[in-house]
Amino acid sequence: MRVIGTAGHVDHGKSSLVQAITGINPDRLAEEQRRQMTIDLGFAWLTLPDGESVGIVDVPGHRDFIENMLAGAGGIDAVLFVVAADEGVMPQTREHLSILDLLNVQKGIIALTKTDIVDDEWLDLVEEDVSKLVSVSSFGQSPIVRVSAKTGEGLDDLVTTLQNVLQEIPRRKDRGAPRLPIDRIFTIAGFGTVVTGTLLDGTFAVGDSVEIHPGRSKGRIRGLQTHKEKLDHALQGSRVAVNISGIEVDDVERGEVVIKPGSYTSTSMIDVHFRLLADTDHRMRHDKEVKLYAGAAQRIAKVRLLGREVLNPGEEGWLQLLLSAPVIIIRGDRFILRRPSPSSTLGGGVVADAHPKRRHRLKDHAVIEQLEAFLRGTPATVLQRTLEGIGPVPLSDALKEAGISDDEAEEAIQELIQNSELISLNESELSVESSSLVMDQTTWLTMAERIRKILADYHLANPLQIGMPIEELRSKMGMETKLATFLLEQAEKDGTVVIVRGYVALIDHRVQLEENEKKVVDQLLLKFDSNPYAPPSLKESKQEIGDDLVRFLLESGALVQVSEDVVFKADKYDEMVNMVKEDLQGNGTLTVADVRDKFDTSRKYALALMEHLDAVGVTVREGDTRRLV
């Protein structure tokens, strides 16, 4: 699906031309029809001779409604640039052309309208003037078609030319996760809230759960339409009307974005590459207040200049924009900056990093190099830079944030793996659709050092413990269990740590007992050897050698605790378990009394052992007997 937008000065016949080629009046408001002037966005559509359906966004040309024009200028594939033959180039002709150039709209058709009211000599002069104006813009080679909406002259030629231009435009890259910037909101009796916009990525389907950000209203898609035709699925690049249940019309604002839950994160700070218009009479300075237009959203923003003190008219540079409220925006999105008052277009550019760190210094060459890599680097470089410093994330999320196509992504993944620059925390093979957690090598080394430092401090404070309990380490790391587990498994693979019986230790950590400690431990273990099936209790052991040394014996596996107060030496515990299993295999069942007699011990120890074996799933109790599970 393709979308084209109109552009041009007020009263140059944009809406009349749209109605002439589509049969649809895009001026839907009563005031617009009364004043015969477009005030807000209008929409129409037509089917080209080759059968392709094309949506049209008709924008206002009056300078007082330039903000509405900007809300409709994002997401278009080409522009129908309208210049009236009787007036020629006018102020908003120039301003709209500058905006389209900044938005990198590279294809268009220039329609010279109202040709029925001028002579050919005048028309030739106007066409020459328009050609000269657009020659230095992004669509300087666009065809010019002479038309009259009143007489119908040139309309067929215009539609054919539009078809030819659209065939030359490559399809937009699809990042897979749908987002629909809202440019219109209304309600239909019996159906509820409806929002419209151009679907920039992915697909929506009837029944999908959605969120509207940054307001975070939640609902479900009740119905979808494109060009008043009901759909089960809406495709990327199409004009879509979305009927959403569970959301009130007052809960939604123009500029918000419809997404699937969890697919995008809003941001209040972006790093951008910016070009200041050559014909502006303003310089861009640090801390200047501007108005940002991105998609259908607008925000007040404060400028942080990066790498230089000032930008002069016609110059390009790097900015960090601090936004007054969050927006959904991603790397590669285009934007416009305007003066808040009096309003005028300053320039525009492209987003390089949608979730940057705050820049505190005016000059930071390392930051500039990183942003250059984001903007102009290879897909592998962009993916690596995206991963830097953000910690383990699902690969599919990183690819979405990087803004690279599926074909580019496969190549980037393989390149980073071959260069050992991409760390996967899952065993599954990495692919575009993979949800495996990944991180770049630098981030992993930083996290590994953090784990090493936490464990080193713990070993220093707890010299008699073989390691740090895993749950305690996870808590110190401040991560959810699954992620922390992946990181620790990676650290074990790399030979940084060892994980034993729920404890984590640095690979070179060894508990070194002092001579007096070793002596009292050996004396206690002799008591366990002398009476292996009725050894000292846990309480007695602690009284004899202290809590820390008993904990060491338990953690190291020298002793095994089977109840609150009963412990056995590890080798005798294994022997008792094996003998119980053998008897059960031969006899089928055993009682506690049988176990007591077998080991010539007391009921206390026999009961503790059998209840322990029940708990760990070796045996199961049936009345007064046990059998093997």
Side-chain angles (χ1 to χ4, degrees), residues 462-473 481 498-505 510-514 516-629:
N462 304 274
L464 293 181
Q465 293 184 227
I466 64 164
M468 189 176 191
I470 287 180
E471 289 303 323
E472 186 175 346
L473 178 56
T481 300
V498 60
I499 302 174
V500 180
R501 290 187 297 276
Y503 294 90
V504 187
R510 300 290 183 273
V511 176
Q512 299 292 334
L513 297 181
E514 301 288 343
N516 62 317
E517 293 172 332
K518 189 174 184 306
K519 181 178 179 181
V520 296
V521 165
D522 288 344
Q523 289 173 348
L524 177 65
L525 293 180
L526 284 174
K527 291 182 179 181
F528 274 80
D529 287 333
S530 65
N531 197 1
Y533 307 128
S537 68
L538 184 64
K539 180 178 180 182
E540 291 168 342
S541 299
K542 288 180 177 180
Q543 289 174 343
E544 184 157 339
I545 66 173
D547 289 0
D548 289 344
L549 287 176
V550 170
R551 187 185 304 113
F552 161 69
L553 292 174
L554 290 169
E555 290 176 359
S556 64
L559 297 180
V560 178
Q561 185 174 358
V562 299
S563 74
E564 185 176 345
D565 200 39
V566 174
V567 289
F568 294 106
K569 198 175 175 192
D571 58 345
K572 293 303 177 182
Y573 166 81
D574 292 339
E575 177 185 293
M576 296 170 77
V577 172
N578 289 332
M579 291 173 69
V580 167
K581 286 181 178 180
E582 288 175 2
D583 278 8
L584 287 172
Q585 288 167 352
N587 301 323
T589 61
L590 282 175
T591 65
V592 171
D594 293 334
V595 175
R596 178 198 63 199
D597 295 342
K598 182 174 184 63
F599 295 112
D600 191 22
T601 186
S602 70
R603 177 177 173 80
K604 166 187 170 182
Y605 291 98
L607 180 61
L609 177 65
M610 296 313 294
E611 288 181 343
H612 167 73
L613 294 182
D614 292 342
V616 298
V618 174
T619 59
V620 60
R621 180 178 177 180
E622 294 178 344
D624 291 333
T625 65
R626 261 82 173 179
R627 63 172 177 80
L628 284 175
V629 172

Min side-chain heavy-atom separation Met576-Leu609 under 4.5 Å: yes
Sole candidate of Gln585, Met610, Glu575 that passes side chain to side chain contact (heavy atoms under 4.5 Å, CB included) when paired with Val580: Met610
Check against side chain to side chain contact (heavy atoms under 4.5 Å, CB included), Leu538 and Glu564: CA-CA 8 Å; Leu538 184 64; Glu564 185 176 345; over 6 Å; no
Nearest atoms (heavy-atom pairs only) where Pro535 meets Tyr605: O-OH, 2.6 Å
Atom CG of Asp522: over 12 foreign heavy atoms under 6.0 Å: yes
Atom of Ser602, atom of Arg596 and distance for their closest heavy-atom approach: C-CG, 3.8 Å
Student check: side-chain heavy atoms of Lys539 and Ser537 closer than 4.5 Å: yes
Minimum side-chain heavy-atom gap Val550-Val567 below 4.5 Å: no
Minimum heavy-atom distance between Val629 and Gly617, given as atom pair plus value: CG2-O, 3.3 Å
Any side-chain heavy-atom pair of Ile545 and Gln523 under 4.5 Å: no
Inter-residue atom distance Leu590.CG - Leu584.CG, 0.5 Å rounding: 4.0 Å
Contact summary for Ala534 and Thr601, nearest pair of heavy atoms: CB-OG1, 3.6 Å
Glu555 side chain to Gln465 backbone, donor-acceptor under 3.5 Å: no
Pair Arg551 + Asp548: basic N to acidic O under 4.0 Å: yes
Euclidean distance, Glu540 CD relative to Asp565 CG, rounded to 0.5 Å: 7.5 Å
Separation of Asp529 CG from Leu524 CG (nearest 0.5 Å): 10.0 Å
Contact check, side chains of Leu513 and Leu549, non-hydrogen atoms, under 4.5 Å: yes
Spacing of Leu473 atom CG and Tyr503 atom OH [to the nearest 0.5 Å]: 13.5 Å
Atom CG of Asp600 with >12 non-hydrogen neighbours under 6.0 angstrom: no
From Ser541 atom OG to Leu559 atom CG, the distance as rounded to the nearest 0.5 Å: 6.5 Å
Ionic contact status for Lys527 with Glu544, cut-off 4.0 Å: yes
NZ/Lys604: more than 12 non-hydrogen atoms of other groups inside 6.0 Å: yes
Geometric class of the Phe599/Tyr533 ring pair [parallel <30°, tilted 30-60°, perpendicular >60°]: tilted
Near-ring test Phe568/His612, centroid separation under 6.0 angstrom: no
Least distance between heavy atoms, Gly557 atom then Ala570 atom: O-CB, 3.0 Å
Distance (rounded to the nearest 0.5 Å) between Arg626 CZ and Thr589 OG1: 11.5 Å
Expected output: side-chain Thr619 to main-chain Asp614 donor-acceptor under 3.5 Å: yes
Carboxylate-amine/guanidinium proximity below 4.0 Å for Asp594 and Lys598: no
